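The block underneath contains the structure these notes are about, expressed in structure tokens.
Letters go in sequence order (proteins before strands), and every chain restarts at 1. Please read all numbers here as calculations on a predicted model, not as lab measurements.
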Number of protein chains: 2
Amino acid sequence: MARPRTPLLSRERIVAAALRLIDAEGLAALSTRRLATELSVSGPSLYNHVATKDELLDAVVDSVIGEVDLSMFGTPDGTPDGASDGTPGGLPDGAPDRLPTATPHRGPTPWPDALRDWARSYRSALAAHPNIVPVLAQGPGRRPNALRLADAVFGHLVEAGWPRGQATRIGALMRYFVTGSALASFAAGFPADAEVYDAADYPHLGEAHRLAGHRGTVDEGAFETGLEALLDGLVLRFERLTERS
Amino acid sequence: MARPRTPLLSRERIVAAALRLIDAEGLAALSTRRLATELSVSGPSLYNHVATKDELLDAVVDSVIGEVDLSMFGTPDGTPDGASDGTPGGLPDGAPDRLPTATPHRGPTPWPDALRDWARSYRSALAAHPNIVPVLAQGPGRRPNALRLADAVFGHLVEAGWPRGQATRIGALMRYFVTGSALASFAAGFPADAEVYDAADYPHLGEAHRLAGHRGTVDEGAFETGLEALLDGLVLRFERLTERS
DNA sequence: ACCTGAACACCGTTCAAGT
DNA sequence: ACCTGAACACCGTTCAAGT
């Protein structure tokens, strides 16, 4: 069975299967041979659609970043601020009821609100695929969705009045926080086995074995606390900045 | 040459060589066979000293975490607050001159200062070995140095007056930020090739190709800005907390 | 106790061969 | 154009054999 008249594989199918495998069993479980088996095909077949395993990983990463909502930054193609970007969740096309109850003042979303919404969307896109975060954290490289994301954040901050150097730093520190929070669960990192926490060695960790059981709320709470603290701190700096002019 | 009378290998030598290899060529470059070659020994020899590659990685990770300074939290064995913990950088033993010019009030370091100093030490220990951060970010597991770190931070915050739930969240969000900042350089993630940043696609990234050249200052500045913003935000929350009592 | 070579079931990738 | 099996240089780990 060589060269079927309708192709068995496509780049999209390969990328999707790779992400499933990474999610289910970790980055280390993604081997070209294993992936091929998953797709009912022989190992070398993949190389008709992707050049190398690294290129495949890049495509997987960019597909994840593509899920991040950037609409709060206003879209460069003229779509109004706050509009859906095609991700599921937007209103159906002809839904005239449920108009915005109050659109306080047209214009760009205030930067702290935009940053907050974006950080939440960014985190949930990444946290859905924690095993691939180490790859994606290496930076945008030449991946279009990652570059679009960096462009949107930086552009919005500059237009809001942040000096370019500061805007760069804010983009960086937000990425630090979000990738760090998506990389691994804090709570789940503590073994649920109570015997690990010998009181003689770790006097304050007596309850740490309960953490794993509250995985969701602990990590969610830490992210929200950190995000709001960070935004408060940045607002303080922005006020100091605009005060003197 | 089987069973030399003085052993060729030791666990410490293996761990140190593994870390060197990971630093120099990345996590993927660490293979047991390659490591063995580096140590002038045959592959299976390693298994006389470590049970599996995973156990070896765990040991490497804990050796890195062991470099983090925890002295600002006060040490449980009675060593006074702020004393050296054995890491190079402390004063030589018999150095009576250069006494503290002003010790404002004996007692524990104020928690924002302790957190700041710890975060800086934590980050520099991790950023010295970015390739291993994904492993270490999985949480303390059963690694003694990682558990000691978690115990010290949590204990200090609770003793400073933070409710236990909040202290947990602060430990988590600080780890998010620090691991995120050590995982990869923000600046270096942007290709230095100016042609990547097509003005039609990324209208605000015209200068992004310069980022990689300022790697150190961009990342350092982002870390410091984020750290201070985070601390400001937390201080705000602590004030609100103590206000009502 | 500590090292060795041989062996097993894996890897990523190339390539000639098939349709 | 797109799939296959064979082949190459790698993996982690086990095990019997040596001293």
Side-chain angles (χ1 to χ4, degrees), chain A residues 1-63 131-132 134-136 138 141, chain B residues 1-63 131-132 134-136 138 141:
Chain A
M1 192 243 287
R3 166 72 167 135
R5 83 176 70 89
T6 158
L8 298 176
L9 254 33
S10 74
R11 207 182 147 88
E12 294 73 45
R13 253 173 49 75
I14 295 173
V15 169
L19 181 56
R20 268 199 308 277
L21 191 50
I22 291 170
D23 285 344
E25 307 186 30
L27 249 180
L30 180 76
S31 75
T32 55
R33 296 168 112 115
R34 171 76 192 281
L35 180 57
T37 306
E38 218 82 28
L39 290 161
S40 310
V41 105
S42 97
S45 302
L46 302 175
Y47 289 88
N48 286 295
H49 303 268
V50 292
T52 66
K53 190 184 170 180
D54 272 351
E55 191 199 284
L56 169 59
L57 264 182
D58 245 39
V60 171
V61 162
D62 214 41
S63 80
N131 297 333
I132 209 170
V135 183
L136 137 185
Q138 298 304 312
Chain B
M1 191 244 286
R3 166 73 167 135
R5 82 176 73 90
T6 159
L8 299 176
L9 254 33
S10 73
R11 206 182 149 89
E12 293 74 47
R13 255 173 45 77
I14 295 173
V15 169
L19 182 56
R20 267 199 308 276
L21 191 49
I22 291 169
D23 285 344
E25 308 186 31
L27 207 55
L30 179 75
S31 76
T32 55
R33 296 168 113 114
R34 170 77 192 280
L35 180 57
T37 307
E38 219 83 27
L39 290 160
S40 310
V41 104
S42 96
S45 303
L46 302 175
Y47 289 88
N48 287 296
H49 303 269
V50 292
T52 66
K53 190 184 171 181
D54 272 351
E55 191 199 284
L56 169 59
L57 265 181
D58 245 37
V60 171
V61 162
D62 215 40
S63 81
N131 296 334
I132 208 169
V135 182
L136 136 187
Q138 296 305 310

Of the listed nucleotides ([options]), which one gets closest to any side-chain atom of [X]?
X     : options               : value
B:R3  : C:dC3, D:dG18, C:dT13 : D:dG18
B:H49 : C:dT13, C:dG18, C:dC3 : C:dC3
A:S31 : D:dG18, C:dC11, C:dT4 : C:dC11
A:P7  : C:dC15, C:dG18, D:dC2 : D:dC2
A:S42 : D:dT4, C:dC3, D:dC3   : D:dT4
A:L9  : D:dT19, D:dG12, D:dC3 : D:dC3

Nucleotide [N], atom [atom2] - distance to [atom1] of [X] in whole Å:
X     : N      : atom1 : atom2 : result
A:R13 : D:dC2  : CZ    : P     : 14 Å
B:Y47 : C:dG5  : OH    : C1'   : 16 Å
A:K53 : C:dT14 : NZ    : C1'   : 17 Å
A:I14 : C:dG12 : CD1   : C1'   : 15 Å
A:N48 : C:dG18 : CG    : P     : 17 Å
B:L46 : D:dC11 : CG    : C1'   : 13 Å
A:L56 : C:dC11 : CG    : C1'   : 15 Å
A:R33 : D:dC10 : CZ    : C1'   : 11 Å

B:R20 bridged to B:E38 by N-O distance under 4.0 Å: no
B:R11 bridged to B:E55 by N-O distance under 4.0 Å: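 Salt bridge flag = yes for B:E55 with B:R11.
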Kindly say if B:T32 contacts the phosphate of D:dT13, meaning a side-chain N or O under 4.0 Å from OP1 or OP2. no
D:dC10 pairs with, by Watson-Crick or G-U criteria that keep both distances under 3.5 Å: none
Paired with C:dC15: which nucleotide, if any, by Watson-Crick or G-U wobble criteria at under 3.5 Å for both distances?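 Across any shown strand, C:dC15 pairs with D:dG5.
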Contact class for A:L35 (heavy atom, under 4.0 Å): base, sugar-phosphate, or nothing?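 Touches nothing.
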Knowing that exactly one of A:L35, A:N48, A:L8 qualifies, which makes a side-chain contact (heavy atoms from CB on, under 4.5 Å) with A:V41? A:L8
If only atom types and distance count, is the side chain of B:N131 paired as donor or acceptor with the main-chain N or O of B:I22 below 3.5 Å?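 Yes; at least one donor-acceptor contact below 3.5 Å.
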Could you give the distance from CD1 (A:I14) to OG1 (A:T32), rounded to the nearest 0.5 Å?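 Those atoms lie 11.0 Å apart.
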